[in-house]
Every structure is written in C-alpha cells, then in structure tokens.
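Atoms within a ligand are numbered from 1 in the order they appear, just like the ligands themselves.
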Amino acid sequence: MADVVSNVKKVGLEKYPRQGPRNIQYGTAGFRTRWAEDLDYVLYRVGLLAVLRSKSKGGAAIGLMITASHNPEPDNGVKLIDPFGEMLQQRWEKFATRLANASDTELDSALLEIVEAESISWETQALVCVGQDTRPSSPGLAQAAVTGIRTMGGKVNDYGIVTTPMLHYFVACINNIGSAYSEPTEDGYFKKIITAFKKLRGDKPENGKYVPSVMFDGANGVGAMKLEAGLLHLHDSLQVQLYNNGTGQLNYKCGADYIKVQQCAPVGVPQKSNARCVSVDGDADRIVYYYIDTHDKFHLLDGDRIATLIAGYLMELIKKSDLGLQLGLVQTAYANGSSTSYISKTLKVPVACVPTGVKHLHHKAMEYDIGVYFEANGHGTVTFSDFATRCICSAAEDLSLPADQLHATETLATLMDVINQTVGDAISDMLIVETVLHARGWSIEDWEATYTDLPNRQLKVVVKDRRVIETTDAERVCVTPAGLQDQINMLVKNFPNGRSFVRPSGTEDIVRVYAEADTQASADRLALQVASVVHQLAGGIGSPPVPE
Ligand code: G16
C-alpha cells in the first residue's frame, strides 16, 4: 500500500499538480465549476477516491461521470455513482472535498486518512466505470480520472460518451442489483426499456386523442445522439423528430433548464401548433414537456406535472391490483403550490418536501413501497422497494386473479422495466409519460387541464460568496444573513398566494430566488423585490435587480 500511495503522490505532482488557491466543494451534483481547464487535478483525485470507494464496497463497481449537465458548455464537473446506481453516499462527500483540496504534498496522508477512517481492505480489487458528456473539455478530464484510477491499482471500464443515467444504469447492472437490470451496454439498456414500452402500447400506438409523435429538443448534448440509436428499437411505436442534436452550442437557448427558467420555447425546434415537445438537458437526466398553442402561447409541463401524471396513473394501478402497496411523492421547495395541493387533495397521495438535489429526493422516495420523486426542473424517477417488486412480480404471474386485477399487476410489472430506477433519466421518463398519455388517450392539453399552475418566476443573484446564505426546513426558510427571512416574509404578505424562498445553488456560483403568486406580473415583481433584498444583504456583485 505504501508504494502505491507514494507513487500516486509522485504522479499527481508531475502530471496533475493542484491548480490555484481556490477550494472546491462536492455539492448538489458532485464537483462542478466554470474553470474546466483547472479541473484536471480534481479528476485525477476523484479517480483515486473512486478506487477507495469501490474497495470499501467489497470491489463493487463505482461510476465516475464527467459532466456539468445543465451548465454552459465551458463548465465541467464530475459525480460519483454508488453500487446501486445511486448518488455517492453523503458521508463520502466530505472525503471527496478533503481530497480535492489537499495540497500536493499531503495527498498521500489524505488518502491514508480515508483508508483508516473506513477500515478499507487494500487487497480488494476495485472497478470504476467512467463516462463523459459531449463537452470539449471532457476527454482530457476523463484521461486524468483514468490515470488516477490505474495509478491507484483500479480497473477501468471506459464507456466513452454516455448519458448520465445510462452510466448509473450500467453500474447497477454490473453489480447485478436485482432482476430489474439487464446487460450493462447501450444496446441492453434500450432493449430493456423499449421492449417494455412497446409491450405496454401493444399494436395500437394511437389511442383517443393521443398521437404517437413528439418533437425532441436534445440541448445539443448527448441525449439526442443516444436517442438516435434508441429509435432503431422504437420503430413505429413512437415517432420522434430530433432537434438540437449536437450541431449547436450545448445548453445554449435550448434544453430543459433554459425552458424551465426562461419559460419559453427553445431555439432550433420548429414551431408547430399544439405539437407535443420534449426538452432534455445536456446529459439527459432531466426532462420537461411543452407546447405552443394556436395563439402562439407557450405552455410548460414541468417536473411537477410529470410527477402528478405518473402518480395518478400508478395510484389507479395500485388500487386495481389490490396489493395494498403504499405510494408516496417527493418534491422540493420549487414545486408549484398548485401541484402540491393537487397531489394531496385530489390524488390523495402523501407528499414530502426535501432539499434540492436528487440524492435527497431519491433517499426519501425509497421510504415508500413505490416512491415517485421529481424536482420541478424535470429531474426524477420512480422507485420500487424490494417488497413492492416481489409483490408485483409474483401477482403478475398469478393466473387465478380476476382479469382486471391481473391486468393491473402485469401493467405495473412491465412499467417497472420502462423505468430507470437508479436516477432521473430523460429518455426513460419520456417513455413513461408517453405510456401514461397513451393509456389515458390524452392530448397534451388534457394533461395540462388536470390543474392550473400558480404563476412563478426564478431569478439568479450573483454575490461575493453564496455560502453566506444558509437555509433550513427543506430550504424554505433562510437562517443567514440576519434579517433576510424577515424581509422576505414582509414582501410575500403583499401578494395573494405569494410564496418565495432563496437558496445558494450547488452547481453554479449564484443565489437562486423563487417566487410564485396569483398572477405572472405579481410573481415577477415579488421575485425582483426578493432578489433586490438578497443583493443588498448577501453581498451582491454588479447592479442590483430593479423592482418595478
Ligand atoms: C443538478 C442536480 C439537481 C438540481 C440541479 C440544480 O442537476 O442533480 O438535483 O436540482 O443540479 O441544482 P442547484 O439549484 O443547486 O444549482 P443537473 O441536471 O445539473 O445535474
């Protein structure tokens, strides 16, 4: 062990010395920064950490994904994936931050601290699966990570360019997590989810007002590139027209984040009245739907809408199957107030609120037999507990059940195969939404008519140090700087149905402001007023936002 660790330190010093004095933190979605060119040493060290994580898990495969997801093209980042395909355990995030910020000379001792703290058996073989998105800086960063893994004695499975959720899926497959997973290849992934999708719609792709055709905005990232391969499996079951498939700039005026935040259609997708459009982000782990009506008005169907659509359908299947399974839905503070009341009052599904970050939502969702979780930004999936999986699979084979009940359990069992349970997956989520719309015979307008969103607005405030903002109560209440929450409370009182909160982003160097109210003009005004107070009390840089 001593030889390997001292060699790791030597190679680090020679090839990947620490850059600059700036410290970096493992945040909402791993390490992410605007300074992609300075990230080489971080990737080298994350490669080292991934080997330790694999050893600590008895040699199970660990994932290492190089991406900055929804961020602009020059940014980059990395996140680690645990053996079940879930995000890195939170206890290890502090090891990641410590290792990334260690000086070159203390790299060996920082590694040995982790080995000791986690009682890691050095002899255990380690396996790390590496994937990258389409950013120009990704290949160089992948090389740094691979060097780290190999210098530390780990084995590498290099998947090249993949969507983030595909890598999560491959990790779960390699570790053979349950029977729900198949081959850890792109072909295996598409075969599994698309075979199940086609089975659910049978030989009748149309139904009622449902038309099997969508327009797909790929954010000029990996989503459209990979879906092109998936189309070979889809045949006529769903026609997908691909746009923003990599010829333009990544996430620039397109993609799920742009559409959600700007509340407008992306560039690069032709306007076709009432056509169902899908938009994913740069690494295809988020999805939102939209359409433009005959009066040229833009309509957004975001993560809240997707969650309610799926939960409503699952609730029906659970009742019909009579398995007594408990369904729960998980949201964050960004969830539109109308969606939360629709879930609890109309669907009568228990709903929980947790801090931003799929790791928090995933964890909470696992507490239910079937957990649906979605962030309003379109990041989410459905999880099934082992108990629920066993109940559903055995009932689906029980031919003595009444026809209706058997059909509901078979549908649930097949639906499980369409779902990538490891993490939010734009391609799999699209197929789930299409399945529900098809089953209901709904157009996108029918889906939208289930409830009316409260108008809302998101803003960004640039401050000297976003860490001056600390929050509690699932980020709905601001603890510091002193007086900020009182001011927000006072402002909110002036707006019917007003609600607002602020939080430091974990993926960009900014503070996010969210506001909702009874009208769009009020939501815009409230957001601006709150942003102005943040600018004043939290050390804003540049000109403050100007309330009307
Ligand atoms: C990541 C996380 C999401 C989070 C988003 C924004 O998404 O995985 O859970 O909602 O960042 O986070 P923040 O508001 O802290 O910047 P992605 O798609 O960029 O990986």
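Taking the charged nitrogens against the carboxylate oxygens, E86 and K359 have no contact shorter than 4.0 Å, which rules out a salt bridge. Using a 4.0 Å cut-off between charged side-chain N and carboxylate O, R98 and E93 make no salt bridge. Between R53 and D82 there is a salt bridge, since a side-chain N of the basic residue sits under 4.0 Å from a carboxylate O of the acidic one.
The protein atom (non-hydrogen) at minimum distance from atom 4 (C) of ligand 1 is E375 OE1, 3.5 Å. Closest to atom 8 (O) of ligand 1, if we only count protein heavy atoms, is H379 CE1, 3.2 Å. For atom 11 (O) of ligand 1, the nearest protein heavy atom (residue, atom name, distance) is T507 CG2, 3.4 Å. In terms of protein heavy atoms, atom 17 (P) of ligand 1 is closest to S69 OG, 3.0 Å. Distance from atom 7 (O) of ligand 1 to its nearest protein heavy atom, with residue and atom name: R286 NH2, 3.4 Å. Looking only at protein heavy atoms, the nearest one to atom 19 (O) of ligand 1 is H70 ND1, 2.4 Å.
Side-chain atoms of D304 and N336 include no donor-acceptor pair closer than 3.5 Å. With hydrogens and angles left out, the side-chain atoms of S338 and D453 include no donor and acceptor closer than 3.5 Å. Residues Y514 and E516 have side chains that bring a donor and an acceptor to within less than 3.5 angstrom of each other. Side-chain polar atoms of D285 and T164 form no donor-acceptor pair below 3.5 angstrom. Looking only at atom types and distance, the side chain of Q132 has no donor-acceptor partner in the side chain of D158 under 3.5 Å away. Of the N and O atoms on the side chains of T356 and E375, not one donor lies less than 3.5 Å from an acceptor on the other residue.
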ring-ring contact (aromatic ring centres under 6.0 Å, His included) for Y44 and Y16? Distances and angles first, verdict last. CA-CA 7 Å; Y44 175 72; Y16 301 109; 5.2 Å; yes
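On a distance-only criterion, N71 and ligand 1 share no N/O pair closer than 3.5 Å. Between E508 and ligand 1, not a single N/O pair is under 3.5 Å apart. Of the N or O atoms in T356, none lie within a sub-3.5 Å distance of an N or O in ligand 1. Note: no N/O pair closer than 3.5 Å links D283 and ligand 1 by distance alone. Of the polar atoms of Y334, none of the N or O atoms is found under 3.5 Å from an N or O of ligand 1, judged by distance alone. Remark: ligand 1 and G506 share an N or O pair separated by less than 3.5 Å (distance only, no angle test). Ligand 1 has an N or O atom lying under 3.5 Å from an N or O atom of V358, backbone or side chain.
Atoms of ligand 1 lying under 4.0 Å from any heavy atom of K79, numbered from 1 in the order shown and given with element: 20 (O). Which parts of ligand 1 touch D281 is read off a 4.0 Å heavy-atom cut-off, strictly below it: atoms 18 (O). Atoms of ligand 1 found under 4.0 Å from any heavy atom of S505 (numbered from 1 in listed order, with element): 13 (P), 15 (O), 16 (O). Ligand-side atoms of ligand 1 in range of R512: 13 (P), 14 (O), 16 (O), range being under 4.0 angstrom from any heavy atom. Those atoms of ligand 1 that come under 4.0 Å of a heavy atom in G357, given as number and element, are 9 (O). Near R503, the atoms of ligand 1 lying under 4.0 angstrom from a non-hydrogen atom of the residue are 13 (P), 14 (O), 15 (O).
Counting heavy atoms under 4.0 Å from ligand 1, residue K359 does not touch it at all. Heavy atoms of D285 found under 4.0 angstrom from ligand 1 belong exclusively to the side chain. For T67, no heavy-atom contact with ligand 1 is shorter than 4.0 Å. Of the heavy atoms in T164, none comes closer than 4.0 Å to ligand 1.
A side-chain hydrogen bond (donor to acceptor under 3.5 Å, both in side chains) with Y189 is found for exactly one of D425, T163, N420, namely D425.
Checked against the 6.0 Å centroid threshold, W447 and Y289 count as a close aromatic pair. Residues Y451 and Y342 place their aromatic rings such that the two centres sit under 6.0 Å apart.
Assignment of R32 to the shell around ligand 1 is supported, since a heavy atom sits closer than 4.0 Å.
The aromatic rings of Y291 and H299 lie parallel to each other, with less than 30° between the two planes, well short of the 60° mark.
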